[in-house]
Every structure is written in C-alpha cells, then in structure tokens.
2 protein chains.
Amino acid sequence: MKIGDLAAKTGVAPRLLRYYEEVGILHPFRSANGYRSYGEPAIERVLQIRELLESGFTTEMIREVLPCLDDPRPAECVVKVDLEALRRQLGNVERRIDVLQRNRDAIKTYLQIWEESPGVTSDS
Amino acid sequence: MKIGDLAAKTGVAPRLLRYYEEVGILHPFRSANGYRSYGEPAIERVLQIRELLESGFTTEMIREVLPCLDDPRPAECVVKVDLEALRRQLGNVERRIDVLQRNRDAIKTYLQIWEESPGVTSDS
DNA sequence: ATTGACCTTCACATTAATGGAAAGGTTTAG
DNA sequence: CTAAACCTTTCCATTAATGTGAAGGTCAAT
C-alpha cells in the first residue's frame, strides 16, 4: 500500500504520514523504487495515533506507548520495551481519564439545569 | 490577589495567566494601579484550565466549556450560554474518555504480560 | 530617595503539529 | 512517447501554547 492509499483509507494527509515516520511512530518499509510501503495494520495504527494526538498526547509519548506494536519491527524490539516509560504513561492516561470524567459530569449537570428550565436558549 | 500570587499558588507562569486572559478564559479585574486582581476562585479555575489543556483541549474549546463559571461575570452572562457548543463539547469529552479507556486497557494488558514473565527489563 | 521586587504592555523566539510549494524521479494511461 | 498522477526530498509558513526580554510604572523597605 502506497502513501496515497493509506492517506485515503485513514483520512490523514500524506504529509502527516511522513511526519509520523520522521518522529518514529510509523515505520513503513520501502519498495525498490524508494516509495514508502505500508501493510494493512498501518491503517489501525494511524487511526490510533490520531486518537492519541487528539487526546493531547505528544508524538514522543506515543512513541513510548506504542513500543513493539509496530508493523515491520521483528522480535529484537521485544526486548527494548521501556517498562518504566510505559508505567508512567499509564499513570498519565489514568489521570486524564479522571479529569475528563469530572468535566463530563460538570458539563452534564450544567446542561441538565438548562434543559430542565425551558425558555432562553441562545437569543439574539 | 496579584498575578504573582496566583502564579505561585497554581504553578502557572504569569505569562500564561495573561495569555489565558487574552484568549478570554480568565477574567481578572483591575485594581486602581492597573494591576490584575484575582479572587480565590481563580485558583481552582486556573487548575481546571491546565487540566483541560493537558487533556488536549484548545483554549477555544475551553472558552465554550467554561461559560458562566467566571469569577467576576455577573448574571447577564447567564443568558449567553451556547448550549449547542456545550453539547458538542460534551460529545467531545465522551469520545476522548472512550479513547483513553481503550488505551489504558491496552497498556495495562501489555504491562501484565511483561510483569508475569519476570526476566529482561531494560538492558543496555 | 533610592533600591529591589513587583507589575504593566509590547514584541519577538521557540516548539509541536501541520500545511504547502518547489524540483525532480516513477508509473500508468492513452 | 508523452502527459497525468503519483511518489520522493527539502525547505519555508502557520497556528497554538509557551518562553523571554525590553522599557517602563508602582510599591514596600531602608
């Protein structure tokens, strides 16, 4: 699968797919002509990257969190997992969930107040 | 409370407190000399802003989410709440929670695998 | 009254993520 | 064979959030 195909299937611009490779969170191989070549798993991978980026993770954090789930990274990497970083990021994720749940509840409560008292919405 | 005090109590640099005012998510009053003056609630407020920023929200989204929870914004604002935006952001928050929970579970599972099989950690 | 520690505004620099164009090679369709 | 549609690398621009410094006003203490 070439970069344009992956872009089409994920909705992520080729420019970004190259960027993700540059920062080390996506690892296509190269075909003879030098074109990047992606496997099927890359689709899921890219979507996960987008989710994490939109959740406020940096590419650096993502690099720690997606260690050996790489497509063309064979078993040697299985050894280089940084457990410490992974635990740190787990704490990170859990704190974020906490924050978001608190804010979700706050917004919900706020909305309920307005929905219960019918009347003014966004006037003028 | 002056800007330096608020910075000390929240750990957020004065520069940023001014920035948050500029983008309309923090509304100090001014004392006679022109100094910004913050009330006690500003502390909680700033901490909440930090949490949301670190969870990937932009200041613009925050402006929608923290509508009338302002310190010195009297009752007139009670009318200008953008319910539509608020509902949109609620969906946003819920999607994010979802993403994070999935990733938390994935990381947890991954960690368990490594913790169960004792041996190699991060060797050089 | 001067010093030091605050505060003000203004402006420019940086970082991460992203957009976009230039210059050139490759592949595919006609 | 040529043109269109890809791909490559390189470089420069933008946006949001932040850092930092200049030039100057205020205030508390000595």
Side-chain angles (χ1 to χ4, degrees), chain A residues 1-39 42-43 45-66 72 85 89 92 96 99 103, chain B residues 1-39 42-43 45-66 72 85 89 92 96 99 103:
Chain A
M1 182 166 33
K2 287 188 287 184
I3 200 172
D5 305 327
L6 184 57
K9 289 190 192 177
T10 58
V12 175
R15 172 69 178 87
L16 282 187
L17 298 176
R18 299 196 188 98
Y19 176 67
Y20 298 155
E21 178 181 5
E22 184 187 332
V23 297
I25 60 185
L26 198 55
H27 308 281
F29 16 65
R30 298 296 181 124
S31 26
N33 48 14
Y35 287 14
R36 288 167 181 83
S37 176
Y38 302 86
I43 299 175
R45 176 80 180 240
V46 167
L47 294 179
Q48 194 176 21
I49 289 174
R50 289 304 317 163
E51 283 181 342
L52 289 171
L53 280 175
E54 276 158 26
S55 293
F57 287 78
T58 65
T59 55
E60 201 188 349
M61 297 160 84
I62 295 175
R63 200 182 322 121
E64 291 181 337
V65 156
L66 299 183
Q89 294 304 340
N92 239 311
R96 265 163 217 263
V99 167
N103 279 282
Chain B
M1 179 167 35
K2 285 186 289 184
I3 200 172
D5 305 326
L6 183 56
K9 289 190 192 177
T10 58
V12 175
R15 171 67 177 90
L16 282 187
L17 298 177
R18 298 196 188 98
Y19 176 65
Y20 297 155
E21 178 181 5
E22 186 186 330
V23 297
I25 60 184
L26 199 55
H27 307 281
F29 15 63
R30 299 294 181 125
S31 26
N33 48 14
Y35 287 15
R36 288 168 180 82
S37 176
Y38 301 87
I43 298 175
R45 175 82 180 238
V46 167
L47 294 178
Q48 194 177 21
I49 289 174
R50 289 306 315 165
E51 283 181 341
L52 289 171
L53 280 175
E54 276 158 27
S55 293
F57 288 77
T58 65
T59 55
E60 201 188 348
M61 297 160 82
I62 295 176
R63 199 181 324 119
E64 291 181 338
V65 156
L66 299 183
Q89 293 305 342
N92 238 310
R96 263 161 218 263
V99 167
N103 279 282

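No experiment lies behind these values; they were computed from the predicted model shown. So you know, we letter chains A, B, ... as the sequences are listed, proteins then strands, and number each from 1.
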Pairs touching residues 47-60 of chain A that satisfy salt bridge (charged side-chain N to carboxylate O under 4.0 Å, His left out), sequence neighbours left out: A:Arg50-A:Glu54, A:Glu51-B:Arg102
List, with names and distances, any nitrogen or oxygen atoms from the protein found under 3.5 Å away from nitrogen or oxygen atoms belonging to nucleotides 23-25 of chain D.
| residue | atom | partner | partner atom | Å |
| --- | --- | --- | --- | --- |
| D:dG25 | N2 | B:Tyr35 | OH | 2.9 |

Is any side-chain heavy atom of B:Arg36 closer than 4.5 Å to one of B:Arg30? yes
Main-chain N/O of A:Leu26 paired to A:Arg45 side chain as donor or acceptor, under 3.5 Å: no
Quick one: list whatever passes side chain to side chain donor-acceptor pair (under 3.5 Å) with B:Asp5, sequence neighbours left out. none
About how many Å separate NZ of B:Lys2 and OG of B:Ser37, when rounded to the nearest 0.5 Å? 10.0 Å
Positional range of nucleotides in DNA chain C within the contact set of chain A, heavy-atom, under 4.0 Å: C:dA16 to C:dT27
If we only count heavy atoms from C-beta on, is the B:Tyr20 to B:Leu53 side-chain gap below 4.5 Å? yes
Quick one: pull up CZ in B:Arg63 and CD1 in B:Ile49 and give me the separation to the nearest 0.5 Å. 11.0 Å
If only side-chain N and O atoms of A:Asn33 are considered, is one of them under 4.0 Å from the OP1 or OP2 phosphate oxygen of D:dT8? no
Say whether A:Gln89 and B:Asn103, considering side chains only, have a donor N or O and an acceptor N or O under 3.5 Å apart. no
Which atom pairs, donor and acceptor, lie under 3.5 Å between side-chain atoms of residues 6-17 of chain A and protein residues at least two apart or in another chain?
| residue | atom | partner | partner atom | Å |
| --- | --- | --- | --- | --- |
| A:Thr10 | OG1 | A:Leu6 | O | 2.7 |
| A:Thr10 | OG1 | A:Val12 | N | 3.2 |

Return the value, rounded to whole Å, for the distance between atom CD of B:Glu54 and atom C1' of D:dT18. 13 Å
Could you say whether A:Gly34 or B:Thr58 is positioned toward the 5' end of DNA chain D, judged by the nucleotide with the nearest heavy atom to each? A:Gly34
Taking the side chain as everything from C-beta on, heavy atoms only, tell me whether B:Tyr19 gets closer than 4.5 Å to B:Thr59. yes
Tell me which residues in residues 2-21 of chain A lie within less than 4.0 Å of DNA chain D, going by non-hydrogen atoms. A:Lys2, A:Ile3, A:Gly4, A:Arg18
